[in-house]
Amino acid sequence: MHRLAHPSPLVAEGQTLFSLRDLSYSYPGNRQALCDISLDIAAGDRIAIVGQNGAGKTTLLKHLNGLLAAQSGSLTYKGQPFADQHLQQARLEIGLLFQDPDDQLFCNTVEEDVLFGPLNQGLDLHAARLHAASALSAVHLTPHKDRPPHRLSYGQRKRAALAGLLAMTPELLLLDEPTANLDPQQEELLLQRLKEYSGTLICITHNLLFAYELCERAIVLDHGRIHHDYTLRQLVSHRESLREHGLDFSFRFVKQALPEDLPPTSPSEPARLTEAAKKEKAPPLIELADYSFNYPDGTTALTDLTLTIRNGEKVAIVGENGAGKTTLVSCLMGLRLGRGLYRLNGTIVTQGNRRENCRTLGLVFQDSADQLFCPSCREEVAFGPRQLGLPKKEIEKRVGEALEQVGLSGFEERVPLHLSGGERKRLALAAVLAMEPSILVLDEPTAGLDPDGEQRLLEILKGLDITLILVSHDLFFVRQLTGRTLVLHEGLLVHDYSTDDFFGDTNLTSLNQLDFTYRNRCGLEIMQLQHDHEHNHSHRHIHSHEHRHGELSHSHPHEHDHQHPHSYRHTHQTHSAEPQGHEHLPRADRPHDHEHPGHEFEPHDHEH
């Protein structure tokens, strides 16, 4: 077991809001989600609840809002258990942001959804409208207040759901993956808004860079138990602890040059295409010319798009929330049909044949739970090949190969919705790969994944020999997986870059809301913490004590072994003829001097 310098739980200084004692909870089928949770949460705490997919984080959050009742053990809020009038009042004081915003948006317009909470708190319509207007402005959705929520992008719906909570001015905010599917600039805007929030905040997140900026305390759940309770700074600085819990995001610390560090790129310069795309003799797999799409309410989603994608290309589609990325994917898949030319694999896509697109393109949904519906993993992966009319023997072969490809061999009889989030994402990928599409489309593949799941998925995707279309706000995955990047902005294709040129464009921040300097800054700071950290270790210590013998006073050095928290830095030395190495100074097994205030007054016993 690893040790940190200060492993004890934080002391709650404010009024105790929640007190949990030996809280346990199991879902039907005796699937235990929480086990013996004992925890105190004080007013003003800012807590990140972290852990791998399936650790019990969301289950714990639902207990804190009274959505789930304790099966054993106890939970009190402000000294009383959730029941009757106390529970009703608590729900007016506690705001819970679900991971999926569609679980809490149900009105005809965004404004009506945001008004719902304040009106239920008893505010008159005028006061409620003032609260709603302020909340919508805070999340930058004022221009969309009269739109139906289901016409917004996923990220916009997430912000609309948050606005509905902020309008209630809650004493406590519970957030379940608040940054999932937000573009980088909106993520930073959300961070600033939450920093201004003065109440108690509890956040479930796999985005430890976001948590590091927002929260002070980290509670690590592991298989339904509290495994650690300490500061966020201690958690992120200790890679051994991160690795143990599948939270090590250090694989993302491939140094990314900031835009100001790169040579300027003119947007008018032609993009450098991948080698596959340079084979101009091969007809494009996808060809769009003057392609547009409008929703029934008149909202323009795509305007005059012209592009080609050739066999073997790895293409990213990026842009701010609401830029039209998901709409474009829907059109490519044949789920929607716009105006203009769309030619897929040489055939013009029409109303009559667009359903055949699924034979060429395979889509892994943003939320894999929307894609999984069979009782076993075997049947899930077999479903697509079976719809293609393949013989039974070929189906069995493809199922085995696809599950092995995504690291799920042996999962054939498991129930898909009982898998962790990362396993479900890989199962959805296997179900698509089993159909052997020519083009693989990934819509926000890292949304909701823990760092271990992200790293596993990245390695799988790197090994695929297939034309790839990646829709993502995760610029690390864009850099790692693609050679070409298309930038959408308000339904327009504004740039078509090589991915290298995309990261070198200094206009990204102001135009496309794709600024990644915030994450870069956090990442560099955490790297330094991991480089300069605290450990407990035994070492020999040299110190000096003053001794008196009658009227004679003298001092001399003494040496002894002791143990205490001790910070040290790495030093790196590079030699031209040797690979770069490093050592920790000072060495724990050598005597060394360092400050030890007050040691001369501590009890000590030695010969002299």
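Numbers here are sequence positions counted from 1.
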Visitor: Around atom NZ of Lys393, are there more than 12 heavy atoms from other residues, nucleotides or ligands closer than 6.0 Å?
Guide: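 No, because the 6.0 Å sphere around NZ of Lys393 holds 12 heavy atoms or fewer from other groups.
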
Visitor: With a cut-off of 6.0 Å (strictly less than), are more than 12 heavy atoms of other residues, nucleotides or ligands near CZ of Arg31?
Guide: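 Atom CZ in Arg31 is packed in, count exceeds 12.
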
Visitor: Is a side-chain donor-acceptor pair under 3.5 Å present for Thr303 with Ser292?
Guide: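 Note: Ser292 and Thr303 side chains miss the donor-acceptor criterion.
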
Visitor: Please check: side-chain N/O of Lys425 versus main-chain N/O of Gln366, any donor-acceptor pairing under 3.5 Å?
Guide: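 Yes, the answer is positive, given that a donor and an acceptor are paired below the 3.5 Å cut-off.
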
Visitor: Looking at every heavy atom in both Asn108 and Pro149, which two are closest together, and how far apart are they?
Guide: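 Closest heavy-atom pair between Asn108 and Pro149: O-CD, 3.8 Å.
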
Visitor: Measure from the side-chain N and O atoms of Lys57 to the backbone N and O of Gln52, and report whether any donor-acceptor pair falls under 3.5 Å.
Guide: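 Present.
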
Visitor: Do side-chain atoms of Glu444 reach the backbone of His473 as a donor and acceptor pair under 3.5 angstrom?
Guide: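 Such a contact is found between Glu444 side chain and His473 backbone.
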
Visitor: Going by side chain to side chain contact (heavy atoms under 4.5 Å, CB included), Asn357 matches just one of Thr347, Asn345, Leu344. Which one?
Guide: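 For Asn357, the side chain to side chain contact (heavy atoms under 4.5 Å, CB included) check succeeds only for Leu344.
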
Visitor: Has Arg378 got a side-chain atom pairing as donor or acceptor with Glu412's backbone, closer than 3.5 angstrom?
Guide: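 No: the side chain of Arg378 does not pair with the backbone of Glu412.
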
Visitor: Does Glu287 pair with Arg343 as a salt bridge, N-O distance under 4.0 Å?
Guide: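 Between Arg343 and Glu287 there is a salt bridge, with a charged N closer than 4.0 Å to a carboxylate O.
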
Visitor: Is it the case that over 12 heavy atoms from other parts of the model lie below 6.0 angstrom from the CD atom of Glu404?
Guide: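 Result for CD/Glu404: open.
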
Visitor: Do Arg359 and Glu356 meet the salt-bridge criterion of a basic N to acidic O distance under 4.0 Å?
Guide: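 Arg359 and Glu356: salt-bridged.
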
Visitor: Between Phe411 and Arg414, is there a cation-pi geometry (under 6.0 Å to ring centre, at most 45° from the normal)?
Guide: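 Checked: cation-pi criterion met.
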
Visitor: Just by distance, no angles: are the side chains of Thr485 and Thr499 close enough, under 3.5 Å, to form a donor-acceptor pair?
Guide: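 Yes, side-chain donor-acceptor contact under 3.5 Å.
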
Visitor: Counting N and O atoms only, with roles assigned by atom type, does the side chain of Tyr295 sit under 3.5 Å from a partner on the main chain of Thr300, one being a donor and the other an acceptor?
Guide: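 No; judged by distance alone, with no hydrogens or angles, the pair does not exist.
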
Visitor: Specify the closest pair of heavy atoms between Ala161 and Pro101, including all atoms of both residues, with the distance to one decimal.
Guide: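 Minimum heavy-atom separation between Ala161 and Pro101: CB-CB, 4.1 Å.
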
Visitor: For the residue pair Asn53 / Glu423, report whether a side-chain donor-acceptor contact shorter than 3.5 Å exists.
Guide: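 Result is no, nothing qualifies.
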
Visitor: Has Thr467 got a side-chain atom pairing as donor or acceptor with Asn311's backbone, closer than 3.5 angstrom?
Guide: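 No, because the side chain of Thr467 does not come within donor-acceptor range (under 3.5 Å) of the backbone of Asn311.
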
Visitor: Given Arg157, which of Asp367, Asp113, Asp102, Asp103 fulfils the salt bridge (charged side-chain N to carboxylate O under 4.0 Å, His left out) condition?
Guide: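 Exactly one option meets the salt bridge (charged side-chain N to carboxylate O under 4.0 Å, His left out) with Arg157, and it is Asp102.
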
Visitor: For the pair Glu320 (side chain) and Glu490 (backbone), establish whether a donor and an acceptor sit closer than 3.5 Å, ignoring hydrogens and angles.
Guide: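 Pair found, side chain donor or acceptor close to backbone of Glu490.
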
Visitor: Grab the two heavy atoms, one from Arg217 and one from Leu39, that are nearest each other, plus how far apart they are.
Guide: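 Nearest pair, atom of Arg217 first, then Leu39: NH2-CD1, 3.4 Å.
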
Visitor: Is there a donor in the side chain of Gln371 and an acceptor in the side chain of Ser368, or the other way round, less than 3.5 Å apart?
Guide: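 No, no side-chain donor-acceptor pair sits under 3.5 Å.
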
Visitor: Cation-pi between Arg339 and Phe293: NZ/CZ under 6.0 Å from ring centre and within 45° of the ring axis?
Guide: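 No; the conditions do not both hold, so Arg339 does not lie above the ring face of Phe293.
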
Visitor: Report yes or no: do Tyr342 and Thr350 form a side-chain donor-acceptor pair below 3.5 Å?
Guide: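 No donor-acceptor contact under 3.5 Å links the two side chains.
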
Visitor: Evaluate whether atom CZ of Arg398 has more than 12 neighbouring non-hydrogen atoms of other residues, nucleotides or ligands under 6.0 angstrom away.
Guide: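 Result for CZ/Arg398: enclosed.
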
Visitor: Passes side chain to side chain donor-acceptor pair (under 3.5 Å), Glu177 versus Asn207? Steps please.
Guide: CA-CA 8 Å; Glu177 293 292 351; Asn207 184 349; over 6 Å; no

Visitor: Asn353 side chain to Val349 main-chain N or O, any donor-acceptor pair under 3.5 Å?
Guide: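 Not a single qualifying donor-acceptor pair exists.
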
